[in-house]
*Asks:* 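Take a look at the following structure, please.
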2 protein chains.
Amino acid sequence: MKQFSTLKKLAEKLGLSVSTVSRALKDHPDISPATRQRVKELAELTEYEPNTFAVNLRTNKSKILGVIVPYFQNLFYEYFIAALDEEVGKAGYSLLVLQSGESAETEARNLHIMKKNRVDGLFVSVTENTVDIKPFLKLPEIGIPIIFFDRVPEFEACDKICFADHEAATLAAKRLVQSNKKHVLCLFWGKPSLSVNQKRAAAFENTIKQLSPKTILDIRFSDSVQDFEPITMHELQTPNPPDAIFCNGDNILIPAMRAIQKSKLTMPADIGLIAISNGMLPTLYNPAVTFVETNGNKLGRLAFKRLQEVFDGKTFVRELSIPATLVEGGSL
Amino acid sequence: MKQFSTLKKLAEKLGLSVSTVSRALKDHPDISPATRQRVKELAELTEYEPNTFAVNLRTNKSKILGVIVPYFQNLFYEYFIAALDEEVGKAGYSLLVLQSGESAETEARNLHIMKKNRVDGLFVSVTENTVDIKPFLKLPEIGIPIIFFDRVPEFEACDKICFADHEAATLAAKRLVQSNKKHVLCLFWGKPSLSVNQKRAAAFENTIKQLSPKTILDIRFSDSVQDFEPITMHELQTPNPPDAIFCNGDNILIPAMRAIQKSKLTMPADIGLIAISNGMLPTLYNPAVTFVETNGNKLGRLAFKRLQEVFDGKTFVRELSIPATLVEGGSL
DNA sequence: GTGAAAGCGCTAACAA
DNA sequence: TTGTTAGCGCTTTCAC
């Protein structure tokens with residue numbers, strides 16, 4: 001097996017000391033142009049690459065950032081991770097991405113992996129079963145800054161990056177009122193206790209109650225995406241069916257649309273539909289679904305920007321959010 | 001800032017040597033049960049964790065596996081990565097995932113990151129612009145096994161894991177003949193030179209030519225997913241339009257379906273459709289699209305199994321493939 | 001059953 | 001301008 005080139009080997013071949021070689025390669029001003037030249041040439045020739053393990057041990061930095069999300073296979077997280085990866089790459093970092101499902105244990109295990117790999121910083125969107133935030137908050141104590149995003153702990157003092165959840169739900173509610181909807185089936189994925197669900201459901205309900213007090217709201221939560229098709233199916237077939245559906249997220253849009261299609265209803269004539277979405281899915285349907293966009297892309301970029309601030313010493317805790325925008329389709 | 005617990009600190013507090021402590025923690029048989037007990041207790045108390053950087057340096061292993069794919073946001077790769085991640089996690093490894101787009105330069109940079117981070121093994125699906133495989137093949141020389149998957153180099157001797165591309169395309173072709181289609185628009189994403197495209201296009205064409213020589217095939221390649229909607233649109237509006245469309249992949253299915261919907265055609269009456277797909281997307285439509293499944297999930301698990309074989313010394317080069325299955329929808 | 005010591009490859013303070 | 005030295009935290013050989 002071919003051996004790696006090391007500083008020591010270079011030093012021996014050149015009749016220099018290890019430290020001189022090291023400095024020459026880093027363009028340290030002390031080193032004479034001549035030696036610098038010689039060193040660099042041999043380094044090139046022998047394909048020298050600093051041994052990351054050694055550098056990490058010495059500098060106590062890994063140049064790796066961690067991301068813990070519930071799911072990879074989720075439009076929002078995909079966009080978030082892709083954008084984050086791009087930003088992070090520019091700054092010379094790499095990403096270690098782990099998924100937890102909705103299991104608090106897996107999440108704890110993932111957190112442990114991050115600690116073990118000594119990531120330089122961590123981005124986390126928690127599971128809906130995460131009750132104890134303390135293990136996360138220990139990381140900043142040992143020098144690993146942590147940025148929560150999207151699904152964030154409610155009360156703790158920590159860095160949080162979210163969508164303007166209140167605003168997004170309010171926008172959707174207003175749009176439904178504008179179309180004069182009187183009976184809305186509202187679908188939420190995950191537990192009511194989840195921060196996003198709580199905020200959005202409250203804002204949605206309040207807005208409707210204020211602007212159109214007589215509108216009937218039928219609010220449903222379910223952990224299992226499978227449930228939404230039968231739920232919607234059933235509601236659509238009652239004698240007094242809803243005249244509009246609100247889907248909080250892409251996951252729900254899929255089964256809801258399926259139920260609408262199976263019921264042979266057409267949008268917007270027979271039923272109205274509005275979703276909060278990452279943006280891709282609504283355009284697949286015909287007519288396209290009207291939605292409030294909460295795009296992972298922007299959130300990813302913002303998250304890294306915030307981490308850099310923390311690296312630069314701006315360690316005071318902040319809560320940032322990204323505005324939501326309404327994208328008109330033809331479903332309302 | 002809180003300090004990490006180390007072997008040295010434990011040793012000092014216990015009045016033992018570093019090596020004894022190290023051995024005690026690894027249940028080395030030499031160590032007496034009593035000391036082992038004492039050591040473990042203090043380790044627990046001080047939340048001792050071996051410093052990965054030091055372990056890596058010492059053992060020259062990272063316990064990290066690399067994955068390089070063109071895109072994260074691609075159903076096939078998502079499933080592949082998710083499955084791989086699961087398998088890999090069970091074996092105590094973590095995944096470092098990087099995306100290259102279709103840029104050979106980005107890919108080279110990614111390869112470099114993998115090398116720098118001294119991953120213990122690497123999974124790669126190449127870009128369509130990758131011409132030089134040699135930089136990849138250098139990794140096995142320095143002890144990093146590499147497994148190519150899906151998009152694999154054509155001629156080199158290396159480990160490859162693919163779908164049964166020939167079989168998948170043949171299945172789709174047969175199914176079209178069975179439905180008596182006479183004029184098929186065939187859509188391929190990426191360059192014709194891409195291994196997957198080459199194999200599938202050839203198999204598809206041959207099968208049709210053999211079973212139904214009079215059937216007209218209109219085969220189109222495009223690098224840009226955007227192109228497929230106008231292409232399909234245009235073809236559907238010619239005086240002699242196709243009676244079926246074959247989509248080689250989920251990416252193409254989306255714009256093709258959009259063109260069908262915009263043209264107000266219904267499946268299967270006005271137009272037939274079959275796709276090669278990862279499986280989720282076809283079920284979103286109504287009727288569901290008939291497809292040949294090439295699921296990333298299975299491929300991910302197989303890929304890790306193969307890597308483990310290589311770790312275990314079975315280093316002879318192998319080319320493995322996964323069978324394809326037809327899933328009936330209502331689009332044909 | 002335990003300890004001493006070397007060394008993985010690198011960085012950086014201090015010396016010359 | 002260059003070299004010497006110490007040390008990051010761990011594993012492992014050899015000695016007692």
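Remember, it's a predicted structure, so these values are computed and weren't measured experimentally. Throughout, a chain's letter reflects where its sequence line sits, starting with A, and its residues are numbered from 1.
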*Asks:* For the pair made of OH in Y48(B) and C1' in dC10(D), what is the distance, rounded to whole Å?
*Replies:*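 One finds 7 Å between C1' of dC10(D) and OH of Y48(B), rounded.
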*Asks:* Taking side chain to side chain donor-acceptor pair (under 3.5 Å) as the definition, give me every residue that meets it alongside S22(A), ordered by chain and number, with sequence neighbours left out.
*Replies:*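 For S22(A) there are no side chain to side chain donor-acceptor pair (under 3.5 Å) partners, ignoring immediate neighbours.
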*Asks:* Please give, in whole Å, the distance from dC8(C) P to L7(B) CG?
*Replies:*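 Distance, rounded to whole Å: 19 Å.
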*Asks:* With DNA chain D as reference, determine whether V21(A) or A54(B) sits nearer its 5' end, using the nearest nucleotide of each.
*Replies:* V21(A)
*Asks:* Please give, in whole Å, the distance from dC8(D) P to K8(B) NZ?
*Replies:*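 Checked: the NZ to P distance equals 5 Å.
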*Asks:* Who are the salt bridge (charged side-chain N to carboxylate O under 4.0 Å, His left out) partners of E102(B), not counting sequence neighbours?
*Replies:* R151(B)
*Asks:* Would you mind telling me which of dG1(C), dA4(C), dG3(D) lies closest to the side-chain atoms of S17(B)?
*Replies:* dA4(C)
*Asks:* Give a yes or no on whether the backbone of K63(B) and the side-chain of D120(B) come within a donor-acceptor separation of less than 3.5 Å.
*Replies:* yes
*Asks:* In terms of side-chain heavy atoms of N51(B), which of dG9(D), dC10(C), dT2(D) is nearest?
*Replies:*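 Per side-chain heavy atoms of N51(B), the pick is dG9(D).
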*Asks:* T35(A) side chain N/O closer than 4.0 Å to the phosphate oxygens (OP1, OP2) of dT2(D)?
*Replies:*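 Yes.
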*Asks:* Measure from CG on N60(B) to C1' on dC10(C) and round the result to the nearest Å.
*Replies:*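 To the nearest whole Å, that distance equals 14 Å.
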*Asks:* Where the side chain of I31(B) is concerned, which of dT2(D), dG9(D), dT2(C) is the nearest nucleotide?
*Replies:* dT2(C)
*Asks:* Not counting sequence neighbours, which residues clear side-chain contact (heavy atoms from CB on, under 4.5 Å) with F155(B)? List them please.
*Replies:* none
*Asks:* Could you tell me how far apart L57(B) (CG) and dA6(C) (P) are, to the nearest whole angstrom?
*Replies:*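 After rounding, the gap between these two atoms is 18 Å.
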*Asks:* Rounded to the Å, how far apart are L16(A) CG and dT4(D) C1'?
*Replies:*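 Roughly 14 Å, once rounded to whole Å.
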*Asks:* Taking N or O atoms only and anything under 3.5 Å, show me the protein contacts with nucleotides 12-15 of chain D, one pair per line.
*Replies:*
residue	atom	partner	partner atom	Å
dT13(D)	O4	R23(B)	NH1	3.4

*Asks:* Holding to ring pair (Phe, Tyr, Trp, His ring centres under 6.0 Å), I want the full list of residues that pass it with F304(B), two or more places apart in sequence or in another chain.
*Replies:* none
*Asks:* Take atom CD of Q37(A) and atom C1' of dT1(D), then tell me their distance rounded to the nearest Å.
*Replies:* 17 Å
*Asks:* Mind checking salt bridge (charged side-chain N to carboxylate O under 4.0 Å, His left out) for K314(B) and listing every partner two or more places apart, or none if nothing turns up?
*Replies:* none
*Asks:* dT1(D) C1' sits how many Å from R38(A) CZ, rounded?
*Replies:*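 Atom CZ in R38(A) sits about 13 Å away from atom C1' in dT1(D).
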*Asks:* Which heavy atom of L299(B) sits nearest a heavy atom of C162(B), and at what distance?
*Replies:*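 That would be CD1-O, 3.7 Å.
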